[in-house]
Amino acid sequence: MENKKMIQSNQMDPKIWSRLPEDVLEHLLSFLPLKTFLKLRSTCKHFKTLLFSPPFISKHSPSSSSSSSPFSSFFLLSHPQFPRQYPLFDTVHNNWRNLSLCISPVSPSSSSVLLSSSNGLLCFSRSSSSSFIITNVLARSSRVVKYPNLPFSFESVTLISSSNNWYKLFVMSAFGSSSQVFVYDSLVHSWSQFGGFDLILNENHHQEGVFHDGYLWFITPEPYFIVFMDLDNGVWKRSNFELPSEVTFARLVSDGDKKMFLISGNGSNGISRSMKLWELNGDSKIWVEVENVPELICRKFLSVCYHNYEHVYCFWHKGLICVCCYSWPEILYYKVSRRTWHWLPKCPSLPDKWSCGFRWFSFVPELYAFV
């Protein structure tokens with residue numbers, strides 16, 4: 001017992017730790033479990049700076065190929081029946097986590113609404129304080145971004161962040177029959193205002209833009225065509241990527257790198273009889289059919305959305321193309337590498353009687369995503 005107390009005393013003795021070379025100390029501390037280190041960093045300014053040391057980054061970076069990395073990736077569910085609680089589905093281990101993500105320390109107000117996610121960052125709107133909140137839940141850091149003007153109402157919000165530690169917030173605000181676009185740039189901490197593209201309003205006004213090849217892309221309501229915006233200068237252009245024929249609804253998805261996909265309903269008279277996945281061939285500027293959604297899966301999805309295609313939305317998540325509906329508690333997703341379709345099981349904590357309002361987000365925790 002005496003030896004044990006002596007060992008513990010030596011472990012905590014700052015005189016011993018202070019004699020260690022700094023690179024050795026950093027290397028040793030990098031082997032602490034992430035949860036333990038995040039608690040420890042508040043006790044010492046030097047420990048806090050270790051978050052950005054090469055040993056710690058190489059050990060705990062989500063991009064690390066090490067299977068022991070503490071990071072996973074999740075589908076995050078937002079629904080009115082989970083106020084300020086966000087159930088998490090672990091897409092690495094393929095199961096629901098027992099604990100929901102609680103954002104209350106960041107956004108305690110019940111008026112906070114989760115709007116968008118990108119590379120470890122989440123964007124909320126808090127109407128009570130007339131602001132957006134950009135937060136990194138893992139690092140417990142956040143930034144309040146005041147609305148560009150008051151009074152202010154918005155139709156669509158898209159958060160775009162990069163691994164180079166910057167982000168932009170694209171907000172479309174409607175004024176009568178016209179629209180204005182506001183873009184917040186984290187590098188200069190200010191808003192820019194541009195003219196909106198009125199045709200992307202109406203039925204698709206709630207759809208987020210898709211960031212691809214440096215531009216933000218949208219599909220207009222019928223007659224369908226694709227437009228894109230340069231976030232730096234606010235210039236809108238119409239794309240010459242013609243959509244497939246007999247499209248009853250269409251949604252874009254990008255892998256965030258080089259590929260862009262299209263999910264379409266196909267049929268006539270506004271009624272979908274099938275669903276297809278397409279990939280854009282940038283050289284020939286045409287959509288190449290990748291997969292026909294299997295008939296039973298297609299019938300189920302079309303039945304749950306009741307042909308209210310404005311409720312359909314899509315997003316990319318770690319090699320998965322996700323197709324969702326605001327009125328249904330499951331995700332239909334496509335594994336690109338295996339070319340297979342799957343249903344995500346319903347959240348076990350969801351009550352038997354549930355209402356419309358399901359919003360799914362890709363959530364990939366990133367310690368070094370700055371706000």
After noting the C-alpha distance and the side-chain angles of Ile160 and Tyr167, does the key distance pass the side chain to side chain contact (heavy atoms under 4.5 Å, CB included) rule? CA-CA 5 Å; Ile160 307 106; Tyr167 61 86; over 6 Å; no
May I have the step-by-step check of side chain to side chain donor-acceptor pair (under 3.5 Å) for Thr135 and Ser142, ending in yes or no? CA-CA 4 Å; Thr135 181; Ser142 62; 4.9 Å; no
Checking ring pair (Phe, Tyr, Trp, His ring centres under 6.0 Å) for the pair Phe182/Phe154: CA distance, chi angles, key distance, verdict? CA-CA 10 Å; Phe182 297 88; Phe154 53 88; over 10 Å; no
Pair His307, Tyr309 - check side chain to side chain donor-acceptor pair (under 3.5 Å), show working. CA-CA 5 Å; His307 300 291; Tyr309 305 129; 2.5 Å; yes
Kindly indicate, with the supporting measurements, whether the criterion side chain to side chain contact (heavy atoms under 4.5 Å, CB included) is fulfilled by Leu277 and Ile321. CA-CA 9 Å; Leu277 172 66; Ile321 297 174; 3.8 Å; yes
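Just one residue in the list Phe358, Trp360, Phe301, Trp354 forms a ring-ring contact (aromatic ring centres under 6.0 Å, His included) with Trp328, and that residue is Trp354. Screening Phe225, Phe211, Phe228, Trp236 against Trp217 for a ring-ring contact (aromatic ring centres under 6.0 Å, His included) leaves a single residue, Phe228.
Ring planes of Trp316 and Phe261: parallel class, angle under 30° (limits at 30 and 60°). Between Tyr184 and His189, the ring-plane angle classifies as tilted under the 30° and 60° cut-offs. Classification of the Trp96-Phe89 ring pair by plane angle, with boundaries at 30° and 60°, yields perpendicular.
For the pair Lys276 and Glu291, the salt-bridge criterion is not met [side-chain N within less than 4.0 Å of a carboxylate O]. A salt bridge links Arg359 with Glu208: at least one charged nitrogen is closer than 4.0 Å to a carboxylate oxygen. One finds a salt bridge joining Lys168 and Asp232 here, because a Lys/Arg side-chain nitrogen approaches an Asp/Glu carboxylate oxygen to under 4.0 Å.
Asn136 places a side-chain N or O within 3.5 Å of a backbone atom of Glu366 that can act as its donor or acceptor partner. In this structure, the side chain of His93 does not engage the main chain of Asn95 through any donor-acceptor pair within 3.5 Å.
Heavy atoms only, all atoms of each residue included: Ser362 and His317 are closest at OG-ND1, 2.7 Å. Nearest heavy-atom pair, Cys314 versus Val323, reported as atom, atom and distance to 0.1 Å: SG-CG1, 4.0 Å.
Partners of Trp278 by side-chain hydrogen bond (donor to acceptor under 3.5 Å, both in side chains), not counting sequence neighbours, listed by chain and number: Ser264.
Both tests do not hold together for Arg97 against Phe74: distance to the six-membered ring centre under 6.0 Å, angle to the ring axis within 45°.
Between Phe315 and Tyr333, the distance from one ring center to the other does not fall under 6.0 angstrom. Within the 6.0 Å centre-distance limit, the rings of Phe170 and Phe218 are counted as a close aromatic pair.
When only modelled atom types and interatomic distance are considered, Ser73 and Thr91 share a side-chain donor-acceptor pair under 3.5 Å.
The salt bridge (Lys or Arg N to Asp or Glu O under 4.0 Å) pairs that include a residue from residues 321-331 are Lys300-Glu330, where partners are two or more places apart or lie in different chains.
Residues Trp343 and Tyr326 are members of one and the same hydrophobic cluster, defined by side-chain heavy-atom contacts under 4.5 angstrom among Ile, Leu, Val, Met, Phe, Trp and Tyr.
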